[in-house]
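First up is the structure itself, then whatever we jot down about it.
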Amino acid sequence: MKLINHTSVVKHMKPRLVINILFKSLFFAATLFGLLVLGILLYRIFTQGIAYLDMQFLQSLPSRKPEQAGIKTALVGTIWLMAVVAPISLSLGVGTAIYLEEYAKKNRFTSFIQVNISNLAGVPSIVFGLLGLTVFVRALSLGTSVLAAGLTMSLLVLPIIIVASQEAIRSVPKELREASFGMGATKWQTIVHVVLPAAIPGILTGGILALSRAIGETAPLVVLGLPLFLAFLPKSVFDMFTVLPMQIYNWTGRPQAEFQSLAAAGIIVLLVMLIIMNSIAVLIRNKYQKRF
């Protein structure tokens, strides 16, 4: 007695195999198209900007003459911005994640907070720019300073860091906490000496990726009114400044072809910074990640 009718199986499987091949080819074509567009974009940027990328370009201040223009002001301003964003966003983000995962009771209110944090992660960045303009620039009279922009960008990346930190803390096995409590440790000692060391790789990876987003954002800074042209370096968090995306945006709006090449060189510098930060995140994850 035959339990399987091979003719019927082949008859029903043939249309499924055709559909499988069709969608596989469609997805491969979509991936290939994306890679092709990315390759063309990178080729255009590197061929146009690599000739302008030298030490003079990195060490020179902006100028109205293309042959004298550099990116030093924007590069230093970007470092200043990250020096403000990193400690504020990481401390607030990790602290919030610890409270929500370790201390907050699971009820409707905490669920409401969780949903809103997740929704904030998808809010357009220009909305945070409007918030920063209203609160930090005008209400607190910070102007277009490093501190005002840093607080605004911290709000932008804060939901991402909170979600990433929560996932990292949640991934720590419950048995480790129970073992710590069994040894007589307090709640805070357990968090500091057991939970956080195990969750640090995930927290740092999410934090670095969030800071990478902050480096490349332009819309919030445009709303804040950051200057497109600035010929001096900031000396404190209360000084005016500009960043790499704003400088690139300024050069792309100039009609001269030389400024377009300078913008391409600036994009290369920004890409290198992003690649370095993302590589650090990958190295941290691969080196310190523990499998429980």
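Sequential numbering from 1 along the given sequence is applied to the chain's residues. Computed from heavy atoms alone, side chains included, the values below leave out hydrogens, waters and symmetry copies. Just so we're clear, the structure is a prediction, and the values are computed from it rather than from any experiment.
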When rounded to the nearest 0.5 Å, the distance separating CG of L75 from CG of L233 is 10.0 Å

Nearest 0.5 Å, what's the CG-OG1 distance between D239 and T144?
10.0 Å

Is there a side-chain contact (heavy atoms from CB on, under 4.5 Å) between E101 and R170? Walk through the geometry before answering.
CA-CA 7 Å; E101 289 299 320; R170 202 175 294 147; 2.6 Å; yes

Answer whether the closest heavy-atom distance between the side chains of P245 and V222 falls below 4.5 Å.
no

The reported gap from CG in L133 to CZ in R138 (rounded to nearest 0.5 angstrom) is 4.0 Å

Could you state whether I280 and V272 fall into the same hydrophobic cluster, counting links through intermediate Ile, Leu, Val, Met, Phe, Trp or Tyr residues with side-chain heavy atoms under 4.5 angstrom apart?
yes

Looking at L274 and S212, what are the two nearest heavy atoms and their distance?
CD2-O, 3.2 Å

Evaluate the criterion side-chain contact (heavy atoms from CB on, under 4.5 Å) for residue pair I248 and T218; output intermediate values, then yes/no.
CA-CA 10 Å; I248 294 169; T218 310; over 6 Å; no

Just wondering, more than 12 heavy atoms not from K106 lying within 6.0 Å of its NZ?
yes

Taking all heavy atoms of I161 and all of G207, pick out the closest pair and write down the distance.
CG1-CA, 4.2 Å

Derivation and outcome, side-chain contact (heavy atoms from CB on, under 4.5 Å), residues Y249 and L221:
CA-CA 11 Å; Y249 175 73; L221 303 179; over 6 Å; no

Side-chain donor or acceptor of T73 paired with backbone N/O of L61 under 3.5 Å:
no

Hphob cluster co-occupancy, F229 + L226, side-chain heavy atoms under 4.5 angstrom:
no

Heavy-atom pair with the smallest gap, counting every atom of S125 and E217:
OG-OE1, 3.1 Å

Answer with yes or no whether the hydrophobic clustering places L92 together with M82; edges join I, L, V, M, F, W, Y residues whose side-chain heavy atoms lie under 4.5 Å apart.
yes

Least distance between heavy atoms, F232 atom then M240 atom:
CE1-O, 4.1 Å

Distance-only, no hydrogens or angles: does the N116 side chain make a donor-acceptor pair with backbone N or O of F112 under 3.5 Å?
yes

Joint hydrophobic cluster, W188 plus Y99, side-chain heavy atoms closer than 4.5 Å
yes

Taking side chain as C-beta onward, heavy atoms only, is L244 less than 4.5 Å from M273?
yes

Looking only at heavy atoms, the pair that brings S261 and Y52 closest together is CB-CE1, 3.2 Å

Evaluate side-chain contact (heavy atoms from CB on, under 4.5 Å) for L151 paired with L142, printing each intermediate quantity in order.
CA-CA 10 Å; L151 291 172; L142 294 177; 4.1 Å; yes

Would you give the length of the straight line joining atom CG of L283 to atom CD1 of I208, rounded to the nearest 0.5 angstrom?
9.5 Å

Would you mind reporting whether R64 and R254 have side-chain heavy atoms less than 4.5 Å apart?
yes

Just checking F23: does its CZ atom have more than 12 heavy atoms from other residues, nucleotides or ligands closer to it than 6.0 angstrom?
no

Taking C-beta and beyond as the side chain, do L262 and F57 meet within less than 4.5 Å on heavy atoms?
yes

Using only atom types and a distance under 3.5 Å, with no angle test, would you say the side chain of S91 pairs donor to acceptor with the backbone of I88?
yes

Taking all heavy atoms of W251 and all of A69, pick out the closest pair and write down the distance.
CZ2-CB, 4.2 Å

Tell me, please, which residues at least two apart from E102 pass salt bridge (Lys or Arg N to Asp or Glu O under 4.0 Å).
R177, K187

S165 (side chain) donor-acceptor with I162 (main chain) under 3.5 angstrom:
no

How far does CD1 of I21 sit from CG of L26, to the nearest 0.5 angstrom?
13.5 Å

Donor-acceptor contact below 3.5 Å, side chain N119 vs main chain V115
yes

Quick check for you: to the nearest 0.5 Å, what is the distance between L81 atom CG and T152 atom OG1?
9.5 Å

I'd like to check P220 versus M153 (side-chain heavy atoms, cut-off strictly below 4.5 Å). Are they in contact?
yes

Is L155 close to F136 at the side-chain level, that is, under 4.5 Å between some pair of heavy atoms?
yes

Exam field: side chain N250 to backbone G253, donor-acceptor pair closer than 3.5 Å:
no

Are side-chain heavy atoms of L176 and V195 found at a separation under 4.5 Å?
no

Does any non-hydrogen side-chain atom of I215 lie less than 4.5 Å from one of L270?
yes

Single-linkage hydrophobic cluster, 4.5 Å side-chain cutoff, I169 and I160 together:
no

